[in-house]
Amino acid sequence: MEFLKHFQRQKIGVHPHQIIFEKENVENTYITWEDRMKPRIKLDDGITTEEYQTLAARWEEMLSLAETIIWQNYLNPKSDGLMSEVDSFPDIRYLTGNYYVGDVSYGYIYRDKKHRAYHIKEGRLRHKHHNGKEWISEWLPMDSPEITRYYQILLSLRLTGDEGGKEDDYMGLDLEAEFERLNDPLEFGILSHDVI
């Protein structure tokens, strides 16, 4: 019977459905399926209360965009991106369509004209990269004309699966949006997906 259920799911797909937990995340810590708590909220240094409230007010828009990504990339059986090999990950047959938000982070990212990322370190902007032999740090002052500051939203979702006949965490999906002004259109890209 379980095999038939997975086979049918593979043919028709399951649309994303958000699970909302009511239990407060008092410690604001990393959560899993067993915790059944509200997501962890992280605010970067410098984000003002007004900026946070404006960004957080776009929550429904963020979730709608996230659900489109989940459907197009992981649940739509007609998607070209789905792996069909045995033992591939993620396996559409095991995804329930349910997801919950594990973490959301609001902050800034700084980029130069080549779109390389810089972060604040010791009161300056640092771009750290590896040249094949060692780590290299490039520094710029905070007021450098080479740098543009972007708002950054990182959304960490947990998609559930029923591999063993019981719903549990199956896949982590990290999404990122960057935009220059608070009212700019949002567009999320996939940072990563992995086993959890």
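The shortest side-chain heavy-atom distance between Val101 and Leu157 falls under the 4.5 Å cut-off. Counting heavy atoms from C-beta on, the side chains of Ile109 and His119 come closer than 4.5 Å. Within the 4.5 Å cutoff, the side chain of Phe179 has no heavy atoms near those of the Glu187 side chain. You'll find the side chain of Tyr30 stays beyond 4.5 Å of the side chain of Asp35, heavy atoms only.
Distance CD1/Ile19 to CZ/Arg158: 13.0 Å, rounded to 0.5 Å.
Aromatic ring pairs are classed by plane angle as parallel below 30°, tilted from 30° to 60° and perpendicular above 60°; the pair His115 and Tyr150 is perpendicular. Classification of the Phe21-Trp33 ring pair by plane angle, with boundaries at 30° and 60°, yields perpendicular. Relative orientation of the Tyr106 and Tyr52 rings is perpendicular, given thresholds of 30° and 60° on the angle between their planes.
Salt-bridge check for Arg93 with Asp91: passed, with a basic side-chain N closer than 4.0 Å to an acidic carboxylate O. Under 4.0 Å is where a charged nitrogen must lie from a carboxylate oxygen, and between Glu146 and Lys113 no such pair does.
Ring centroids of Tyr94 and Phe89 are separated by 6.0 Å or more, keeping the two rings apart.
Asp162 places no side-chain N or O within donor-acceptor distance of the main-chain N or O of Gly165, the cut-off being under 3.5 Å. His193 places no side-chain N or O within 3.5 Å of a backbone atom of Gly172 that could act as its donor or acceptor partner.
Tyr170 and Asn98 share no side-chain donor-acceptor pair at under 3.5 Å.
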